[in-house]
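In what follows, a structure is listed as structure tokens, so that the remarks can point back to it.
Because only heavy atoms are used, hydrogens play no part in the values below, and waters and symmetry mates are left out as well, while side chains stay in. Order of listing sets the numbers, starting from 1, for every ligand and every atom in it. Predicted model, so just to flag it, every value in this text is computed and none were measured.
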Amino acid sequence: LPYVISKRPEWDKFAGAVYSIAFDTVFPDGRTLQIGTAHDLGQNFSKAFGISFERENGTRDYVWQTSYGISERVIAAVIAIHGDDRGLVLPPSVAPIQIVVIPIPYKGSEEEIIEKSKEIAEKLKINGFRTQLDLREKLTPGSKYFEWELRGVPLRIEIGPRDLKEGTITLVRRDTLEKKPVKVDGVIEEAKIMLQNIEKNLKEQASAWLKNKIHDAESLEAAKVILEKESGIIELGWCGNDACGLKFEEKIDAKVLGTPADGKKLSVKRKCPICGEEAKFIIRLAKTY
Ligand SMILES: [Zn+2]
């Protein structure tokens with residue numbers, strides 16, 4: 001998942017933390033979702049709870065602590081950001097089932113096709129792919145495709161009579177729905193490459209989407225127009241004063257995500273649109289979940 005990392009503002013950081021950072025991603029409707037946070041707690045909690053350690057020289061000091069939070073929200077973000085109109089699209093790295101093998105039985109060669117499907121599924125499993133063989137007899141191959149697409153399985157392998165005669169099977173990608181006939185002998189190598197390509201493609205698509213949703217705004221008016229039109233993350237210049245930071249939220253009816261903690265800096269001179277002083281930081285705002 002692509003995200004931006006921001007230092008949370010003083011007035012809205014985790015209580016007791018010295019420094020908090022948050023990871024935010026942009027949903028398809030343009031609102032942001034905070035998918036994780038990390039905090040430098042300093043000695044605030046260790047002093048309160050008396051957690052100390054002994055130094056090499058025998059003196060004692062309170063420990064320094066960090067904490068982080070990451071939750072099921074990440075799963076929601078994976079579903080919302082990678083999914084399409086056919087259902088889930090799961091990146092191979094997190095998919096519980098990476099490959100589904102579906103036989104296409106044909107009169108006279110049912111047994112042969114089932115046997116070959118079992119053999120290929122076994123081979124994939126032995127080679128470390130999380131593989132499911134779908135042998136349900138009551139469902140047509142077409143309805144199986146539909147179901148596994150809905151469930152976001154990255155790669156489908158179809159094994160039919162024509163394929164077997166030619167010594168090939170068909171690989172179908174969930175992300176692009178592209179079909180590729182491959183030699184039975186080369187299935188492990190091909191599956192590996194295709195899963196890598198799916199992972200890469202999903203990452204690139206999502207990164208391009210996020211990049212497109214980060215908007216530089218020169219003024220509050222410009223920020224308001226962007227928020228109304230396409231939402232996403234707005235970056236404005238900020239003097240650094242909390243009072244101004246809070247006013248941003250009122251004036252453009254969005255929430256402050258923070259200032260970039262990923263090294264991004266103002267590339268041009270800007271004024272703080274609230275007080276008119278020279279801007280020292282970028283401040284990020286968005287409509288949030
Ligand atoms: Zn200001």
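Taking hydrophobic clusters as Ile, Leu, Val, Met, Phe, Trp and Tyr residues chained together by side-chain heavy-atom distances below 4.5 Å, Leu135 shares a cluster with Ile99. Residues Phe281 and Ile234 are members of one and the same hydrophobic cluster, defined by side-chain heavy-atom contacts under 4.5 angstrom among Ile, Leu, Val, Met, Phe, Trp and Tyr. Linking ILVMFWY side-chain heavy atoms closer than 4.5 Å, directly or via other members, places Trp238 and Leu220 in a single hydrophobic cluster.
Geometrically, Lys13 does not engage Tyr19 in a cation-pi contact, judged by NZ or CZ lying under 6.0 Å from the ring centre and within 45° of the ring axis. Figure legend: Arg156 and Tyr145 shown as a cation-pi pair, the cationic atom lying under 6.0 angstrom from the six-membered ring centre and within 45 degrees of its axis.
The distance cut-off of 2.8 Å around the Zn ion (ligand 1) captures these protein N, O or S atoms, sorted by chain and number: Cys239 SG, Cys244 SG, Cys272 SG, Cys275 SG.
Panel note: side chain Arg8, backbone Val256; a donor-acceptor pair is recorded below 3.5 Å.
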